[in-house]
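Taking it in order: structure first as structure tokens, then the write-up.
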Amino acid sequence: MTSPTSTPSEYVTLVSGDGFEFIIPRSTACVSGTIRRMLDPASKFSEAITGRCVLEDLSGTVLEKVCEYFCYNEKNKDQINVPDMDIPPELCLELLMAGDYLDA
């Protein structure tokens with residue numbers, strides 16, 4: 001754990017409502033406006049200090065796909081004609097709701 005005056009870790013942990021944890025680069029997680037605000041050192045959120053965001057409303061399956069999207073987005077952000085990610089049809093609605101919640 002870091003103190004408020006130290007440099008934030010390069011990595012953050014995203015935790016699903018059912019307890020699955022995903023460790024991804026901070027810059028990648030900050031694709032999400034919601035997570036970016038949670039991790040902002042100027043905020044009063046505990047997530048900014050711990051680097052751990054618990055997302056109770058997301059299942060592990062959905063959060064895994066969200067993390068995959070964050071990484072895909074980060075990897076391809078400067079590319080043109082990027083192919084669409086493979087999204088299982090049964091997750092589409094949940095992923096749309098997660099995207100809205102996460103401002104991604």
Side-chain angles (χ1 to χ4, degrees):
M1 179 158 57
T2 61
S3 68
T5 57
S6 68
T7 304
S9 170
E10 183 181 340
Y11 292 90
V12 296
T13 303
L14 304 182
V15 184
S16 68
D18 50 358
F20 289 92
E21 297 185 6
F22 302 89
I23 300 170
I24 62 174
R26 180 179 291 265
S27 62
T28 302
C30 287
V31 166
S32 160
T34 301
I35 293 173
R36 184 174 49 252
R37 287 184 292 278
M38 290 167 81
L39 296 171
D40 183 356
S43 76
K44 303 283 188 219
F45 297 124
S46 65
E47 292 86 355
I49 297 166
T50 65
R52 182 179 173 88
C53 300
V54 178
L55 303 163
E56 290 288 336
D57 294 334
L58 302 182
S59 70
T61 304
V62 171
L63 186 54
E64 179 180 27
K65 203 63 167 172
V66 166
C67 290
E68 184 182 327
Y69 165 75
F70 289 164
C71 293
Y72 189 82
N73 184 59
E74 183 82 3
K75 176 183 171 191
N76 295 297
K77 67 181 173 188
D78 297 324
Q79 305 296 320
I80 14 179
N81 298 325
V82 176
D84 291 335
M85 260 183 62
D86 182 36
I87 307 262
E90 63 274 11
L91 288 181
C92 286
L93 181 58
E94 287 181 273
L95 287 169
L96 279 170
M97 293 183 338
D100 185 55
Y101 169 69
L102 293 171
D103 188 21

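Not measured: the values here are computed from a predicted model. Atom set for the values below is all heavy atoms of this structure, side chains included, hydrogens, waters and symmetry mates excluded.
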key: Joint hydrophobic cluster, Met38 plus Tyr101, side-chain heavy atoms closer than 4.5 Å   = no
ask   = Which pair of heavy atoms, one from Phe70 and one from Ala104, lies closest together, and at what distance?
value = CE2-CB, 4.0 Å
message = Against Ser32, only a single residue in Leu102, Leu39, Leu14, Asn73 fulfils side chain to side chain contact (heavy atoms under 4.5 Å, CB included); can you say which?
response = Leu102
message = Quick check for you: to the nearest 0.5 Å, what is the distance between Leu63 atom CG and Asp18 atom CG?
response = 9.0 Å
request  = Step by step, work out the side-chain contact (heavy atoms from CB on, under 4.5 Å) result for Val66 and Phe22.
outcome  = CA-CA 10 Å; Val66 166; Phe22 302 89; over 6 Å; no
task = Can you see which heavy atom on Ile87 is nearest to which on Lys65, and at what distance?
result = CA-CE, 4.2 Å
query = Under 6.0 Å from the CD atom of Glu10, do we count more than 12 heavy atoms belonging to anything else shown?
reply = no
request  = Working to the nearest 0.5 Å, report the span between CZ of Arg37 and SG of Cys30.
outcome  = 10.5 Å
inquiry  = Within this structure, what is the CD-CG distance for the pair Glu68 and Asp86, rounded to the nearest 0.5 Å?
reply    = 8.0 Å
remark   = Between the CG atom in Asn76 and the CE atom in Met85, the distance rounded to the nearest 0.5 Å is 10.5 Å
key: Other residues, nucleotides, ligands: >12 heavy atoms within 6.0 Å of Tyr72 OH   = yes
request  = Working to the nearest 0.5 Å, report the span between CD1 of Ile35 and CZ of Phe45.
outcome  = 12.5 Å
request  = Under the salt bridge (Lys or Arg N to Asp or Glu O under 4.0 Å) rule, collect the residues that match up with Glu94, sequence neighbours excluded.
outcome  = none
message = Checking Lys44 now: which residues fulfil salt bridge (Lys or Arg N to Asp or Glu O under 4.0 Å) with it, not counting sequence neighbours?
response = none
request  = Following the transitive rule for hydrophobic clusters with a side-chain heavy-atom cut-off under 4.5 Å over Ile, Leu, Val, Met, Phe, Trp and Tyr, establish whether Val82 and Val31 coincide in one cluster.
outcome  = yes
Any donor-acceptor N/O pair, Thr28 side chain to Glu74 backbone, under 3.5 Å = no
Mind listing the side-chain donor-acceptor pairs of residues 51-61 below 3.5 Å, one per line with the distance, residues two or more places apart or on another chain?
| unit_1 | atom_1 | unit_2 | atom_2 | d |
| --- | --- | --- | --- | --- |
| Arg52 | NH1 | Glu21 | OE2 | 3.2 |
| Arg52 | NH2 | Glu21 | OE2 | 2.9 |
| Ser59 | OG | Val62 | N | 3.2 |

key: Minimum side-chain heavy-atom gap Tyr69-Leu95 below 4.5 Å   = no
